[in-house]
There are 2 protein chains.
Amino acid sequence: MSTHTFKSDLFEQFARVGKALSSGKRLEMLDFLAQGERSVEVLAQLAALSVANASQHLQHLRQAGLVVARKEGLYVHYRLAGDSIVQLLAALRAVAEERLADVDKLVKVYLHSRDSMEPVPAKELMQRVKKGLVTVLDVRPPEEYAAGHIPGAINVPLNEIRKRLHELPADQEIVAYCRGPYCLLAFEAVAQLRKKGRQARRLENGFPEWKSAGLPVEEA
Amino acid sequence: MSTHTFKSDLFEQFARVGKALSSGKRLEMLDFLAQGERSVEVLAQLAALSVANASQHLQHLRQAGLVVARKEGLYVHYRLAGDSIVQLLAALRAVAEERLADVDKLVKVYLHSRDSMEPVPAKELMQRVKKGLVTVLDVRPPEEYAAGHIPGAINVPLNEIRKRLHELPADQEIVAYCRGPYCLLAFEAVAQLRKKGRQARRLENGFPEWKSAGLPVEEA
DNA sequence: ATCGTATTCAATTTGCCACTTGAATATTAT
DNA sequence: ATAATATTCAAGTGGCAAATTGAATACGAT
């Protein structure tokens, strides 16, 4: 029977995708790419890699079919090859959170120790935005905000929050979000706002998850 | 800021799960484990590995939190650590199918060339079973059938089909299933039944997917 | 045309992982 | 106790992949 070699071949192909997911640096880059297109240089900076090394990783990802490249002038912009990849990353993260004691510890130590607050689920936020009950705060850099954000969200990067505090209504709850469940910007923002006496929480699962869940997105 | 090291640590932990998925042999074993508990020896045979090597792979998987072990007498039985892992495997397969040209080719060559038939979606099968329109045929070995099968399914292992053809109604369509979308048993069964003039198709996505979709399961 | 820049390629080193082999451990049967 | 068996451990080898470095390519600006 040649079915043995067939099955082996097939699983070997699946393993190519697994191999692509077997490096922390690559996962980090994929996480950034979930937010939108990025150039090699930017990705290298974000993941703390040399440009050449980042380029190699990206080609690894490209061969695995996870990212695609688009050349524009000097720059090559990479992006995720499809929405199924966001789902794959989410599934990976879910398993890791559920099963890896170390991740749990890390998350608890680094994140939950910073906040005594529960995150706001996306659905809940949708409802309360409709009713005008909350102010949505996007604490990412303006470029990322411009590339897509939750409808009605105000963009105030983290380091400008104290200066621009007056732009935020004092009598409404503020829900801050950034890039994802492990992005620290929103945590910091909430902490600062609370210090100033505001009522603030953070959105569960940042913008990439919001978008991939099919929820409405506003651009430019 | 120590957030850099935090993020790196975190993604490094995620990568542990990715590493576990980076070997074809391990994915093959996980696929078998999706059908139920298996001993080391059995898994070694199924994946064509030495026992020691299989054991090592299993410990790798255990460290990644994907499988758990249960010792009973001389034997150690491994099983998947949770349903989320089935979802992760499905997501991985989906991405691979969608993005890897080679997989596509393999699947098309090895599977689609064998059948001119479309698979039956699980939902469709449910409806038609309720109306008594189809005979459901489980072509897996009796042990696997005993561990769980689709309600009302008849168990006739592939190699007994010709002998036991009379057990199958001649005037109804037969839907065969086995272990998953890449399990060849169902294909063979359909091919043989068609040769005998029966109307036969195969179920899309075999029993593990059926079960993990929350559809009803019958045991013993 | 020449220079500067973003990206990729190529070559090298280093370290990790798969697999083999032989022994050790643990449990059951005699 | 002794033997038999399932599984795991430990050591050794070979190969692949990550990261570094320096050069090459491709495009834009001057």
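Order of the sequence lines sets the chain letters (A, B, ...), proteins ahead of strands, with each chain counted from 1. Note that this is a predicted model, so its numbers are computed, not measured.
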Visitor: Could you tell me whether the side chain of B:M126 reaches within less than 4.5 Å of the side chain of B:W210, counting heavy atoms only?
Guide: yes
Visitor: Please work out which of the three classes, parallel, tilted or perpendicular, describes the rings of B:Y75 and B:H77, given edges at 30° and 60°.
Guide: parallel
Visitor: Expressed as a whole number of angstroms, how long is the span from B:Q45:CD to D:dT7:P?
Guide: 11 Å
Visitor: Quick check for you: among D:dT5, D:dT21, D:dT7, whose closest atom lies nearest to any side-chain atom of B:L74?
Guide: D:dT5
Visitor: Does D:dT7 have OP1 or OP2 under 4.0 Å away from a side-chain N or O of B:H77?
Guide: no
Visitor: May I ask you to decide if A:Y78's main-chain N or O and A:R62's side chain share a donor-acceptor pair within less than 3.5 Å?
Guide: no
Visitor: Given atom CZ of B:R38 and atom P of D:dT7, what is their separation to the nearest angstrom?
Guide: 13 Å
Visitor: Rounded to the nearest angstrom, tell me the gap between atom CD in B:Q59 and atom C1' in D:dT7.
Guide: 9 Å
Visitor: So B:Q56, base contact, sugar-phosphate only, or nothing? Heavy-atom distance under 4.0 Å.
Guide: base
Visitor: Tell me: CG of B:L58 to P of D:dA6, nearest whole Å?
Guide: 16 Å
Visitor: Between D:dA26, D:dT7, D:dT20, spot the one nearest the side chain of B:Y75, thanks.
Guide: D:dT7
Visitor: Looking only at atom types and distance, does a side-chain atom of B:R26 sit under 3.5 Å from a main-chain N or O of B:A20, one as donor and one as acceptor?
Guide: yes
Visitor: Of the nucleotides D:dC9, D:dA26, D:dA19, which has the atom closest to the A:K71 side chain?
Guide: D:dA26
Visitor: Check whether any side-chain N or O of A:K25 sits under 3.5 Å from a backbone N or O of A:A47 as a donor-acceptor pair, and report yes or no.
Guide: yes
Visitor: Where does the chain A footprint on DNA chain C start and end, counting 5' to 3' with a 4.0 Å heavy-atom cut-off?
Guide: C:dT5 to C:dC9
Visitor: Indicate, with a heavy-atom threshold strictly under 4.0 Å, whether B:R62 touches base, sugar-phosphate, or nothing.
Guide: nothing
Visitor: Do the ring planes of B:H149 and B:Y145 sit parallel (below 30°), tilted (30 to 60°) or perpendicular (above 60°)?
Guide: parallel
Visitor: Select base, sugar-phosphate, or nothing to describe what A:S23 touches, counting heavy atoms under 4.0 Å on all strands.
Guide: nothing
Visitor: Rounded to whole angstrom units, what separation is found between the CD atom of A:E28 and the C1' atom of D:dA18?
Guide: 15 Å
Visitor: Nearest whole angstrom, please: distance from the P of D:dA18 to the CG of A:L21.
Guide: 12 Å
Visitor: Quick one, B:R38 with B:L46, criterion side chain to side chain contact (heavy atoms under 4.5 Å, CB included). Give me CA distance, side-chain angles, the key distance, then yes/no.
Guide: CA-CA 10 Å; B:R38 292 290 140 92; B:L46 291 172; 4.2 Å; yes
Visitor: Measure the distance from OH on B:Y78 to P on D:dA6 and round it to the nearest whole Å.
Guide: 15 Å
Visitor: Calculate the interatomic distance between A:H60 atom NE2 and D:dA19 atom P; express it in whole Å.
Guide: 11 Å
